[in-house]
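Convention: sequence-line order gives letters A, B, ...; per-chain numbering from 1.
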Amino acid sequence: MTLRTRFAPSPTGYLHIGGARTALYCWLEARHRGGQFILRVEDTDRERSTDAAVRAILDGMAWLGLQPDEGPFFQTQRMDRYRTVAQALLDAGKAYYAYESKAEIEAMRAAAMARGDKPRYSGAYRDRNEPCREDPNRVLRFKNPQTGSVVFEDKVKGRIEWNNAELDDLVLIRSDGFPTYNFAVVVDDIDMAITEVIRGDDHVNNTPRQINLYHALHADVPAFAHLPMILGPDGQKLSKRHGAVSVTQYREDGYLPHALLNYLVRLGWSHGDEEIFSIAQMVELFDIGDVNQSASRFDLAKLGWLNQQYLKNDDPNDIAPELVWHLQRIGLDPAGGPDPAEVIVALRDRVQTLKEMAMRARIWYAPIDQWDEQAVAKHLRAEGAADVLRAAQMKFAAMPQWSPQSIHLAIEQLAAECNIGMGKVAQPLRVAITGTQVSPSIEHTVYLVGRDQALRRIEDAMAKMSC
RNA sequence: GCUCCCUUCGUCUAGUGGCCCAGGACACCGCCCUCUCAAGGCGGGAACACGAGUUCGAGUCUCGUAGGGAGCGCCA
């Protein structure tokens, strides 16, 4: 039997970091073992599910490159199937109707708590064998075994044993006729032939009752792997407070999908001392059984470092479209300036994100809009700066070829001729070209702005100096 | 309250009884390089939650304590 995993988000919001890692692990496990990865949308909560959320999840997965082999399937389209299975369970005497109102159940829970038990349903209708009747409170409940225990070998957490006495008779079909989560998942996972259920460890508690359902339905029980949570930097549950939680927000913040994937795969899993993994390596090395058991915190600094690694090592031409996207986002016209791939090479040692890169690239795509007056005072109004700029301007105008190498040579010559250090040439030039005292190497700064623009900006700077 | 899960540097982790007076990475600090800012190179500080037990020997096995988390829904 081939291995099949599934990612089963509920469309009540965007794809968040925790969900993305679950999806990644499901996808990797399937790829690693030559199996299939299925996407199923758990939208039985009609109040909170939205089409926009479905789209957001699909977009997030597409951006990350986690394409499902099958799906998306939607639970709302399988209602008949759940009802059929529920009926079968009822006919087999493994389920029964119960008619308590919500208030009565509340009272039951309170009473159990008062006794020091966990709040649970009493099973009052379990053995009454009453004839079925119409009632707004009618739900179908599962006859959970009352004795013995459920044992399963979790691929991440190890052996987990649960006493059936701890479990109450869960609702299968709600009073509105819709299936509950625990019932729908089991039916779906059976129908979709899922062999390995990988999900967040907030589901461990559901697993024993689901296993009992598998047994009642005479189905093979899949393997389970429960992933520890991802916490915010402060150790608290990840939330909007912590900045970006949505995967698409990471695109907007300038991260490469590969970097995010790499960060996520290392959060809870490792392979010796390795930090950087190509997608192919992840697929080759990942094993769900090697995943850690404890929760981990999200560390933006490390993601930033990883992102820069990819910025530095990927082919600039591959990254260029992403940079163009960011340039346009901040209102810059990529056509009105240098080749984005060359910009990437000039800036990738200096920034961690494409968003920062786009902002720093402004100097080449737009005129100087604001002068750093401190820089002007220090470098432009300095002794001899005017002569240096004039000389540079002449050299630049006369150069047969416009390239970083030739510019570098020209500046070196100029420094030698005037018998001054590189700094005395580079800094005034930098301020003239960019309006600030921080930019990439001077030859790239000058080169990327283009010859015409360089000559013009030097001219403007000299005009500024004299007034 | 009850049940279940978790616990190695600030963070992510290596470690499957001797190779560990605990290794790597990020972050931090220092030095070098240097036209600014970076990147890079070199170096530094920094952890086995606590207590018993098993063993010749424990980060590694067992039990307990403390701390953290999850679940206990006609939510998923």
Side-chain angles (χ1 to χ4, degrees), chain A residues 8-12 42-45 47-49 75 98 100 102 105-106 109 112-121 137-141 154 156-158 160-163 165-168 170-182 184-185 200-208 226 228-229 231 233 235-237 263 266-276 292-306 308 312 347-352 360 375 379 408 411 415 421-431 434 436-443 445:
Chain A
S10 59
T12 53
E42 311 218 318
D43 55 353
T44 50
D45 184 348
E47 309 252 300
R48 297 193 301 152
S49 299
Q75 289 190 321
E100 287 90 351
K102 294 193 180 174
I105 290 177
E106 244 347 283
R109 292 208 182 91
M113 282 278 253
R115 282 198 310 273
D117 277 342
K118 45 165 79 171
R120 51 210 293 278
Y121 174 67
N137 285 327
R138 186 181 72 174
V139 297
L140 187 71
R141 286 186 182 266
D154 192 281
V156 172
K157 305 269 179 189
I160 294 177
E161 179 168 3
W162 217 283
N163 264 322
E166 296 292 334
L167 274 21
D168 63 359
L170 80 161
V171 171
L172 262 22
I173 302 288
R174 301 183 242 185
S175 52
D176 64 3
F178 279 77
T180 58
Y181 164 77
N182 276 302
V185 209
D201 69 1
D202 45 334
H203 287 291
V204 242
N205 306 278
N206 289 324
T207 308
H226 288 97
M229 294 191 72
L231 273 16
Q236 298 298 110
K237 208 166 172 171
Y263 179 73
R266 280 284 288 101
L267 209 56
W269 174 85
S270 63
H271 183 260
D273 289 339
E274 303 292 309
E275 295 288 349
I276 310 278
N292 280 172
Q293 307 179 51
S294 52
S296 42
R297 300 187 190 201
F298 194 87
D299 180 18
L300 202 59
K302 187 142 188 181
L303 206 214
W305 175 79
L306 267 169
Q308 186 174 37
K312 292 200 307 186
L347 284 170
R348 62 186 175 183
D349 283 342
R350 296 169 165 78
V351 298
Q352 293 199 317
R360 299 257 206 131
H379 299 292
H408 181 77
I411 294 174
M422 279 288 275
K424 291 280 182 206
V425 184
Q427 283 306 78
L429 252 180
R430 184 168 347 254
V431 178
T434 71
T436 75
Q437 47 189 335
V438 176
S439 83
S441 69
I442 192 63
E443 63 263 31
T445 302

When the [atom1] atoms of [N] and [M] are considered, how many whole Å apart are they?
{"N": "B:rC32", "M": "B:rC50", "atom1": "C1'", "value": "44 Å"}
{"N": "B:rG18", "M": "B:rC63", "atom1": "C1'", "value": "24 Å"}
{"N": "B:rG73", "M": "B:rG51", "atom1": "P", "value": "39 Å"}
{"N": "B:rG23", "M": "B:rC48", "atom1": "C1'", "value": "13 Å"}
{"N": "B:rC74", "M": "B:rA66", "atom1": "P", "value": "33 Å"}
{"N": "B:rG59", "M": "B:rA22", "atom1": "P", "value": "11 Å"}
{"N": "B:rG24", "M": "B:rC56", "atom1": "P", "value": "33 Å"}

Touch class at under 4.0 angstrom, heavy-atom based, for [X] against every strand present:
{"X": "A:Ser441", "value": "base"}
{"X": "A:Leu267", "value": "sugar-phosphate"}
{"X": "A:His226", "value": "nothing"}
{"X": "A:Gln308", "value": "sugar-phosphate"}
{"X": "A:Gln75", "value": "nothing"}
{"X": "A:Gly235", "value": "nothing"}

Nearest-neighbour nucleotide for the [X] side chain, [options] considered:
{"X": "A:Arg350", "options": "B:rA38, B:rU11, B:rG24", "answer": "B:rA38"}
{"X": "A:Asp299", "options": "B:rG24, B:rU11, B:rA76", "answer": "B:rU11"}
{"X": "A:Val438", "options": "B:rU3, B:rU36, B:rA76", "answer": "B:rU36"}
{"X": "A:Glu42", "options": "B:rA76, B:rG69, B:rG1", "answer": "B:rA76"}
{"X": "A:Glu166", "options": "B:rC75, B:rC2, B:rC4", "answer": "B:rC2"}
{"X": "A:Lys302", "options": "B:rU7, B:rU13, B:rA25", "answer": "B:rA25"}
{"X": "A:Lys118", "options": "B:rA76, B:rU3, B:rA27", "answer": "B:rU3"}
{"X": "A:Asp202", "options": "B:rC72, B:rG23, B:rA70", "answer": "B:rA70"}
{"X": "A:Lys237", "options": "B:rA76, B:rA27, B:rA70", "answer": "B:rA70"}
{"X": "A:Asn205", "options": "B:rU3, B:rA76, B:rA14", "answer": "B:rU3"}

First encountered from the 5' end of RNA chain B, between A:Arg430 and A:Glu161: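 It is A:Glu161, whose closest nucleotide lies nearer the 5' terminus.
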
Nearest heavy atom decides the nucleotide; on that basis, is A:Asp349 or A:Tyr181 closer to the 5' end of RNA chain B?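 Looking at the nearest nucleotide for each, A:Asp349 comes out on the 5' side.
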
Taking only the side-chain nitrogens and oxygens of [X], find out if one of them lies under 4.0 Å from OP1 or OP2 of [N].
{"X": "A:Ser270", "N": "B:rA14", "value": "yes"}
{"X": "A:Arg297", "N": "B:rU13", "value": "no"}
{"X": "A:Lys312", "N": "B:rA38", "value": "no"}
{"X": "A:Arg109", "N": "B:rC74", "value": "yes"}
{"X": "A:Asn182", "N": "B:rG73", "value": "no"}
{"X": "A:Asn206", "N": "B:rA76", "value": "no"}
{"X": "A:Arg138", "N": "B:rC74", "value": "no"}
{"X": "A:Ser296", "N": "B:rU13", "value": "yes"}
{"X": "A:Thr180", "N": "B:rA76", "value": "no"}
{"X": "A:Gln293", "N": "B:rC6", "value": "yes"}

Look at atom NZ of A:Lys424 and say whether more than 12 heavy atoms of other residues, nucleotides or ligands are closer to it than 6.0 Å. no

Watson-Crick or G-U counterpart of [N], or none if no pair lies under 3.5 Å:
{"N": "B:rU3", "result": "B:rA70"}
{"N": "B:rG43", "result": "B:rC29"}
{"N": "B:rC50", "result": "B:rG64"}

So, does the side chain of A:Ser294 form a donor-acceptor pair with the base of B:rC6 at under 3.5 Å?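 No, no donor-acceptor pair under 3.5 Å.
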
Hey, is the side chain of A:Glu275 pairing donor to acceptor with the base of B:rC26 inside 3.5 Å? no

Test log, rule side-chain contact (heavy atoms from CB on, under 4.5 Å), inputs A:Asn182 and A:Leu172: CA-CA 7 Å; A:Asn182 276 302; A:Leu172 262 22; over 6 Å; no

When every non-hydrogen atom of A:Val156 is compared with those of A:Asp154, the smallest separation belongs to N-OD1, 2.8 Å

Would A:Gln308 and A:Val351 count as a side-chain contact (heavy atoms from CB on, under 4.5 Å) here? Give the steps. CA-CA 7 Å; A:Gln308 186 174 37; A:Val351 298; 5.8 Å; no

Tell me, do A:His379 and A:Gln437 make a side-chain contact under 4.5 Å, heavy atoms counted? yes

Should A:Leu303 and A:Phe298 count as side-chain neighbours, where that means a heavy-atom distance under 4.5 Å?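 A side-chain contact under 4.5 Å exists here.
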
Just by distance, do the side chain of A:Ser270 and the backbone of A:Arg266 share a donor-acceptor pair under 3.5 Å?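 Such a contact is absent between A:Ser270 side chain and A:Arg266 backbone.
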
